[in-house]
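This report refers to the structure that appears directly beneath it.
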Amino acid sequence: MIKYIIFLGVLINSVYAEAPILKFMSNIDWHFMGDKTSFSIDLCSCTNDADIKSAGLKATIAEPVAMLEFTNTPWNIVAIGKKFDKSITRKQGTSRADNGYRRYGHFIAFAPLGLLNFVQDAVCFERMSSFSFLYWSEVIPSQTNDVMALFTQGSKGPFSKIWYNNPIAALACSADCIATYFNKNINSLHWCAGCAGSTGNNTAYGGGKVEEPILASHAQALGMVDDLHYGGLLALTSKAPFQFSPVEKIPNATCGAKYFPIAVKSANAYNLAYPTVWDATVTGKVAFMWTNFKNKPTSEDDTASWLWVIKDTCIGAAKCKSMFTKKVN
């Protein structure tokens with residue numbers, strides 16, 4: 001009961017602040033949903049918990065499931081327009097220095113279509129209908145300490161980003177950048193965020209990211225989504241085309257969300273909601289095609305974007321459940 005009272009208080013206060021996360025009817029790129037959602041008459045089948053097969057139709061759907069925000073000010077929740085730390089001793093970040101880059105990031109799981117209870121019986125849109133803060137860089141050791149970041153990545157073994165912190169791997173990211181001209185990403189270059197740079201050790205500081213804060217937010221977002229995938233808090237929901245796969249077998253998510261240890265760029269898009277509303281784009285899309293004139297002098301380089309997911313599903317046969325769960329594997 002207490003958490004619902006707190007949520008209600010935040011909600012009411014956010015309405016007066018014109019919070020970006022609550023203005024989803026106007027700042028979500030609904031055209032992207034129409035462009036990426038398709039239904040076919042191709043048959044598919046899924047097996048339920050009782051080993052009984054049921055038939056359905058193949059479909060691809062797209063929906064926004066979370067808001068990702070990045071700021072130079074700790075404990076600043078851009079999505080609701082509130083700064084919770086106003087002390088003069090706070091450790092302010094910076095978004096315009098290559099090697100001195102430091103940003104704070106938050107992942108807020110919130111699916112507007114789940115809130116609206118949009119076609120939940122047959123079509124598997126996200127079922128979560130409340131706020132859930134899954135990632136706070138201010139309290140995550142790997143986001144505040146470079147030594148912890150190194151050890152955290154090292155513990156991931158073959159999925160670790162430390163293998164790609166070298167000039168050759170950085171040069172390879174140019175291919176991912178070129179692919180964004182055609183609204184595509186190269187999943188095999190999983191450490192690359194298109195033209196936004198690389199994820200480094202998935203940290204919110206250090207070099208490797210471009211100095212333009214809106215574009216750079218895609219590199220930090222990729223690291224954040226990657227961490228959530230590895231921890232099992234975010235699941236794979238679509239086909240994952242890899243020319244060179246970091247895992248032996250890529251799971252089929254047609255009948256339900258599956259565990260996958262790294263972010264899949266082709267399954268995501270980012271829709272800028274603050275400081276300017278803009279169309280959904282692939283990860284790290286080349287800057288001159290969308291970032292110019294999107295920032296504002298009053299924004300303090302704060303950014304907030306909707307995270308879109310692409311889902312390949314079997315309508316009528318797949319078991320609909322939330323993709324935000326550790327029980328996906």
Side-chain angles (χ1 to χ4, degrees), residues 32-33 36-38 44-49 56 58-68 107-111 113-114 123-128 132 134-135 156-161 176 179 184-194 199 202 218 221-271 280 282-284 305-315 317-329:
F32 182 79
M33 180 179 177
K36 293 297 182 180
T37 299
S38 61
C44 54
S45 64
C46 295
T47 303
N48 61 23
D49 296 336
K58 292 181 179 179
T60 298
I61 59 177
E63 70 166 319
V65 298
M67 181 165 277
L68 281 62
F107 186 109
I108 306 171
F110 176 64
L113 296 181
V123 182
C124 293
F125 286 99
E126 176 54 44
R127 306 184 75 83
M128 179 179 287
S132 182
L134 299 186
Y135 199 100
K156 294 183 179 181
F159 311 119
S160 172
K161 297 296 187 294
D176 196 32
K184 296 182 181 296
N185 283 119
I186 303 175
N187 287 334
S188 298
L189 303 176
H190 58 88
W191 64 93
C192 301
T199 59
N202 282 4
H218 280 203
L222 179 60
M224 183 183 294
V225 172
D226 188 84
D227 281 346
L228 291 174
H229 268 279
Y230 185 80
L233 297 175
L234 196 58
L236 178 68
T237 59
S238 73
K239 297 175 183 176
F242 281 84
Q243 186 174 2
F244 302 101
S245 175
V247 298
E248 293 183 3
K249 184 178 179 180
I250 300 175
N252 186 343
T254 301
C255 292
K258 299 291 185 180
Y259 175 77
F260 196 65
I262 63 173
V264 179
K265 289 178 289 186
S266 64
N268 296 136
Y270 301 94
N271 169 189
V282 296
T283 304
S305 298
W306 288 103
L307 172 68
W308 284 82
V309 296
I310 310 299
K311 298 182 180 181
D312 296 304
T313 186
C314 185
I315 294 178
K319 183 178 180 181
C320 296
K321 60 181 180 180
S322 174
M323 62 185 291
F324 295 108
T325 173
K326 282 190 172 184
K327 296 181 180 180
V328 294
N329 55 341

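Looking at every heavy atom in both residues, Ile250 comes nearest to Ala240 through CD1-O, 3.4 Å. Closest approach of Ala263 to Leu222, counting heavy atoms only: CB-CD1, 3.8 Å. Across Leu134 and Ala109, no two heavy atoms sit closer than the pair CD1-CB, 4.1 Å. Contact detail for His218 and Gly284: the closest heavy-atom pair is ND1-N, 2.7 Å. For the pair Ala318 and Thr254, the tightest heavy-atom approach, listed with the atom from each and the gap, is CB-O, 3.8 Å. The nearest pair of heavy atoms linking Ile61 to Cys124 is CD1-O, 3.6 Å.
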| Full working for side chain to side chain contact (heavy atoms under 4.5 Å, CB included) between Phe324 and Leu233 | CA-CA 5 Å; Phe324 295 108; Leu233 297 175; over 6 Å; no
| task | List the steps and the verdict of side chain to side chain contact (heavy atoms under 4.5 Å, CB included) for Phe159 and Asp226. | result | CA-CA 10 Å; Phe159 311 119; Asp226 188 84; over 6 Å; no
| message | Determine whether Leu234 and His229 satisfy the following criterion, side chain to side chain contact (heavy atoms under 4.5 Å, CB included), listing intermediate values before the conclusion. | response | CA-CA 5 Å; Leu234 196 58; His229 268 279; 4.0 Å; yes
| query | Which is it for Cys255 and Cys46 under the disulfide bond (SG atoms under 2.5 Å apart) test, yes or no, and what are the steps along the way? | reply | CA-CA 6 Å; Cys255 292; Cys46 295; 2.0 Å; yes
| task | In sequence, state the C-alpha distance, the side-chain angles, and the governing distance for Tyr230 and Phe260, and then conclude on side chain to side chain contact (heavy atoms under 4.5 Å, CB included). | result | CA-CA 7 Å; Tyr230 185 80; Phe260 196 65; over 6 Å; no
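Taking 4.5 Å as the limit, some side-chain heavy atom of Asn185 sits within range of a side-chain heavy atom of Asp176. Contact of the Val225 side chain with the Leu68 side chain is registered, since non-hydrogen atoms from C-beta on lie closer than 4.5 Å. Using a 4.5 Å heavy-atom cutoff, the side chains of Val309 and Ser238 are not in contact. For the pair Pro64/Asn271, no side-chain contact is recorded, criterion being any heavy-atom separation below 4.5 Å from C-beta on. Contact check for Lys36 versus Ile310: side-chain heavy atoms found under the 4.5 Å cut-off.
Formation of a donor-acceptor pair under 3.5 Å by the Asn268 side chain with backbone atoms of Trp308 is found in this model. In terms of modelled atom types and a separation under 3.5 Å, the side chain of Glu126 and the main chain of Met323 share a donor-acceptor contact. When atom types are taken as modelled, the side chain of Lys265 and the backbone of Cys192 share a donor-acceptor pair closer than 3.5 angstrom. Here the side chain of Glu63 pairs no donor or acceptor atom with the backbone of Ala111 at under 3.5 angstrom.
Looking at residues two or more places apart in sequence or on another chain, you find a ring-ring contact (aromatic ring centres under 6.0 Å, His included) between Trp191 and Tyr164. For Lys239, the side chain to side chain contact (heavy atoms under 4.5 Å, CB included) partners two or more places apart in sequence, or in a different chain, are Asp312. Every residue meeting the side chain to side chain contact (heavy atoms under 4.5 Å, CB included) condition with Ser188, not counting sequence neighbours, appears here in chain and number order: Ile186, Phe242, Gln243, Phe244. Not counting sequence neighbours, the partners of Asp227 by the salt bridge (charged side-chain N to carboxylate O under 4.0 Å, His left out) test are Lys156. Partners of Lys319 according to the salt bridge (charged side-chain N to carboxylate O under 4.0 Å, His left out) rule, which considers only residues two or more places apart in sequence or in another chain, are Asp49. Residues passing the side chain to side chain donor-acceptor pair (under 3.5 Å) test with Ser160: none are found, sequence neighbours excluded.
The structure places CG of Asn202 at 10.0 Å from CE of Met224, a figure rounded to the nearest 0.5 Å.
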